[in-house]
Amino acid sequence: MNSPADLERTCHCGLIKEGHVDQTVTVMGWVDRRRDLGSLIFLDLRDREGIVQVVADPEHAGTLAKAKEARPEDVLAVTGKVVWRDKETVNPEIPTGRVEIRAERIELLNASETPPFPINSPASASEETRLHYRFLDLRRERLQRNLQLRHRATMAIRNFFDKEGFLEIETPFLTRSTPEGARDYLVPSRLYPGQFYALPQSPQLFKQLLMVAGFDRYFQIVRCFRDEDLRSDRQPEFTQIDLEISFPKIETIFKVVERLLERIFSLVEISVSTPFPRLSYPEAISQYGTDRPDIRYDLKLLDVSAAFSRSSFRVFRQIMEDGGLIKGIRVPGRASFSRKQLDDLRGFVQDQGKGADLSWIKVTTEGMKSSLPKAVGEKELEAVRGSAQLEENDLFLMLGGPQKIVHLILGRLREHLALQENLIPEKSHAFLWVYNFPLLEWDEQEKRYFACSHPFTSPLDEDLDLLESDPARVRAKSYDVVLNGVELGSGSIRIHQRELQTRVFKVLGIEPEEAQAKFGFLLEALGYGAPPHGGIALGLDRIIMLLAGERSLRDVIAFPKTARAVDLMCGAPSTVSEKQLKELGLKLEK
RNA sequence: GGGGCCGUAGUUCAGUUGGCUAGAACGCCGGCCUGUCACGCCGGAGGUCGCGAGUUCGAGUCUCGUCGGCCCCGCCA
């Protein structure tokens with residue numbers, strides 16, 4: 001059933017316009033629907049641009065019989081004249097609805113099996129079925145739209161960077177495994193049995209070396225690989241918009257990224273106001289309990305420790321003696337919450353583990369009520385009311401404990417409340433920068449410091465003196481760009497001096513010999529006139545997901561993997577032959 | 001690694017306290033129909049109840065295991 005040689009497509013189905021009226025056209029596409037009225041058959045023919053109605057009637061010999069045979073998802077070629085529809089039969093639902101094609105010839109190019117789920121309806125099949133028949137799911141309008149949007153976005157991105165003087169330069173996928181960071185995907189080497197390439201978690205070091213090489217401004221739309229457990233917003237391979245700039249001020253990078261995001265979001269008619277607000281890491285944590293706050297709504301975390309400094313409530317007093325604090329969230333107008341609602345919130349907090357317990361205060365017309373023990377007097381409640389600026393009908397939800405836990409859990413409670421109480425304004429887009437993350441974090445299990453970002457992040461100049469004496473207090477020249485509580489990208493000014501890089505390695509417990517073995521090429525490069533440089537990497541899939549209004553990365557990636565990293569369509573991963581293993585010098589256990 | 005939800009015609013689902021010869025809608029197949037557009041009307045086919053054990057006179061339903069999908073925690077420099 002090859003395409004008849006004399007037929008050539010002259011127009012996409014979805015692009016047939018009033019201007020085609022009286023012209024003879026040939027369209028090729030999939031049967032979306034057949035409406036068989038006996039001696040008159042309507043076929044909706046679909047391609048990526050949309051749908052056009054084809055009419056088969058007895059006046060054109062053969063078309064009726066061909067149309068009768070047509071089944072959903074058959075591929076047809078239709079030649080005919082474009083004609084106006086009668087006024088009464090115009091379909092205002094589709095862009096081509098004022099015209100139709102009166103078929104003179106219909107050819108079946110390829111028949112289709114009955115599809116496992118309807119292509120022409122958004123009614124969903126299970127994710128499992130959709131992924132198994134991904135080629136059919138992709139044929140549906142939603143994914144067609146998402147991937148077309150993705151194309152337009154990547155085109156806009158490349159255009160943007162070109163105009164801004166960036167060069168797109170490719171970096172290797174077969175590279176070397178480096179310590180720290182996520183688990184690597186490994187590729188065994190055939191020529192060097194027992195040795196492995198690693199797929200890049202990001203092109204971090206290569207782009208730094210491109211700066212050393214003098215390329216000055218680099219970008220790449222590049223695949224990255226991380227062998228970690230997945231989420232709806234995490235795939236094992238994902239795409240970054242990666243960029244690096246020589247001689248930058250932090251402002252330089254912020255401005256480029258703001259302009260870029262402004263450009264990308266303009267594709268879906270979202271206007272982005274720049275510059276983005278900025279929060280330092282400590283501000284973000286203390287006000288929102290997270291390093292990627294959703295600032296579309298308020299519900300800030302308020303410190304009311306002072307109100308309990310001499311409390312008769314022993315639990316709170318003890319918390320403060322242990323160096324902890326008491327913080328809470330003012331929920332306006334929710335003093336009306338029932339016992340059940342409050343218990344549910346308490347349950348939510350308890351479900352987070354960590355042994356935290358939620359207390360509440362209500363400001364009602366009959367005075368203050370609270371879940372705190374009776375021993376906590378009116379005076380203390382008034383003190384809370386004062387420091388949290390509670391108003392009548394407000395509910396105040398409180399948590400005491402070590403700083404880290406209070407912030408973590410109240411941060412989650414804040415998000416939970418916003419969702420539950422519908423406090424998130426629709427169609428608002430709250431971008432922000434979070435900056436000055438800690439450089440290092442102490443790992444209690446491994447008894448050593450880890451880089452919060454990566455080991456090439458530069459410390460703040462004014463904190464350099466603390467690097468050896470009090471590493472945990474050293475802040476980094478790092479920054480994240482956040483949208484609606486989603487981390488879109490993360491970057492930093494890098495270390496460009498060999499001495500400092502060696503010092504940081506040392507603090508991380510990477511001794512000079514190991515540093516030389518694993519990062520020798522970087523240290524060497526830094527010794528040959530590396531320019532100051534910095535950059536950022538943005539998650540392209542996540543950006544597209546937000547642009548498209550989707551909740552899962554799977555809906556903006558053509559061939560995604562399941563939550564357990566399986567490709568249900570092609571069946572990856574799979575076993576390989578004994579011969580392949582042997583060539584690689586590999587032997588499987590058991 | 002841990003927790004939660006789910007798995008029944010092609011698809012989406014229903015299936016009471018264990019009694020089922022397992023239903024519905026859509027889809028599919030056949031017939032009728034010249035202005036439909038979710039066309040309509042008439043008829044029909046279609047099931048290893050994810051898989052495997054167990055309890056029971058009897059299991060879609062209860063128990064255990066297992067496989068798969070989704071969500072979350074840990075993890076993701």
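Protein chains get the first letters and strands the later ones, always in sequence-line order, with residue 1 at the start of each. For the numbers below, each heavy atom of this structure counts, side chains included, while hydrogens, waters and symmetry mates do not.
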In whole angstrom, give me the gap between the C1' atoms of B/A38 and B/G1. 48 Å
What is the separation between atom CZ on A/Arg564 and atom P on B/C75, rounded to the nearest whole Å? 20 Å
Any A/Glu415 side-chain heavy atom under 4.5 Å of A/Asp294 side chain: no
Protein-nucleotide distance (A/Glu446, atom CD; B/C75, atom P), rounded to Å: 12 Å
Please measure how far the C1' atom in B/G31 lies from the corresponding atom in B/G23, and state the result in whole Å. 26 Å
According to the Watson-Crick and G-U wobble definitions, with both distances under 3.5 Å, which nucleotide is paired to B/U63? B/A53
Assign each of A/Phe450 and A/Asp229 the nucleotide of RNA chain B bearing its closest heavy atom; nearer the 5' end lies the nucleotide of A/Asp229
Round to the nearest Å and state the distance from A/Gln235 atom CD to B/C76 atom P. 18 Å
Rounding to the closest angstrom, what is the interatomic distance between B/C5 and B/A14 at atom P? 16 Å
Round to a whole Å and report the spacing from CD of A/Glu415 to P of B/C72. 11 Å
Check whether any side-chain nitrogen or oxygen of A/Arg554 sits under 4.0 Å from OP1 or OP2 of B/C71, and answer yes or no. yes
Span that lies between the C1' atom of B/G46 and that of B/C29, in whole angstrom: 10 Å
In Watson-Crick or G-U wobble terms, both distances under 3.5 Å, what is the partner of B/C26? B/G10
Length of the line joining A/Phe348:CZ and B/G4:C1', which is rounded to integer Å: 14 Å
Separation of A/Leu131 atom CG from B/G69 atom P, in whole Å? 9 Å
Is A/Pro560 close to A/Leu131 at the side-chain level, that is, under 4.5 Å between some pair of heavy atoms? yes
Considering only NZ, NE, NH1 and NH2 on the basic side and carboxylate oxygens on the acidic side, decide whether A/Arg292 and A/Asp480 come within less than 4.0 Å. no
With a 6.0 Å cut-off (strictly less than), is the heavy-atom count around CZ of A/Arg551, excluding the residue itself, greater than 12? no
Any A/Ile101 side-chain heavy atom under 4.5 Å of A/Cys13 side chain: no
base_contact_polar (B/G3 base, A/Asp351 side chain, donor-acceptor, <3.5 Å): no
Indicate yes or no: does A/Arg554 engage A/Glu127 in a salt bridge with an N to O separation below 4.0 Å. yes
Quick check: A/Phe254 with A/Tyr435 (ring centres under 6.0 Å apart)? no
Counter-base of B/G35, judged by Watson-Crick or G-U geometry with both distances under 3.5 Å: none
Residues A/Glu514 and A/Lys506 bridged, charged N to O under 4.0 Å: no
Cationic N near anionic O, under 4.0 Å, A/Asp343 to A/Lys340: no
Collect all protein-nucleotide pairs involving nucleotides 8-12 of chain B in which both atoms are nitrogen or oxygen and the distance is under 3.5 Å.
{"from": "B/G10", "atom 1": "O2'", "to": "A/Pro116", "atom 2": "O", "distance (Å)": "3.0"}
{"from": "B/U11", "atom 1": "O4'", "to": "A/Pro116", "atom 2": "O", "distance (Å)": "3.2"}
{"from": "B/U12", "atom 1": "OP1", "to": "A/Ser126", "atom 2": "N", "distance (Å)": "2.5"}

Reading nucleotides 28-36 of chain B from 5' to 3' and marking B where a protein heavy atom lies under 4.0 Å of the base, S where only the sugar-phosphate is that close, and - otherwise, the string is SSS--BBBB
Would you mind pulling out the nucleotide paired to B/C70, Watson-Crick or G-U wobble, both distances under 3.5 Å? B/G4
Judged by nearest nucleotide, the residue sitting upstream toward the 5' end of RNA chain B, A/Arg226 or A/Arg412, is A/Arg412
Could you tell me how far B/G60 sits from B/A22 if I compare only their P atoms? Round to whole Å. 10 Å
Salt bridge check, A/Glu468 against A/Arg503: does any charged N sit closer than 4.0 Å to a carboxylate O? yes
Regarding A/Thr178 and A/Arg176, is there a side-chain donor-to-acceptor distance under 3.5 Å anywhere? no
What integer distance in Å separates A/Leu553:CG from B/C70:P? 13 Å
Does OP1 or OP2 of B/C71 have a side-chain N or O of A/Arg231 closer than 4.0 Å? no
Any donor-acceptor pair under 3.5 Å between the side chain of A/Arg130 and the base of B/G69? no
What is the distance, rounded to the nearest whole Å, between atom CG of A/Leu43 and atom P of B/C39? 12 Å
Would you mind listing every side chain to side chain donor-acceptor pair (under 3.5 Å) that reaches into residues 79-93 of chain A, with sequence neighbours excluded? A/Thr26-A/Thr79
Should the side chain of A/Arg234 and the base of B/C76 be counted as holding a donor-acceptor pair, with the cut-off at 3.5 Å? yes
Select base, sugar-phosphate, or nothing to describe what A/Ser121 touches, counting heavy atoms under 4.0 Å on all strands. nothing
Euclidean distance for C1', B/C72 against B/G30 (whole angstrom): 50 Å
Integer angstrom distance from the C1' of B/G3 to that of B/C39: 50 Å
Distance, P atom - from B/U8 to B/C13, rounded to whole angstrom: 9 Å
Where does B/C72 land, syn or anti, once you apply the within-90°-of-0 test for syn? anti
Please determine if a side-chain N or O atom of A/Arg183 lies less than 4.0 Å away from the OP1 or OP2 oxygen of B/C76. no
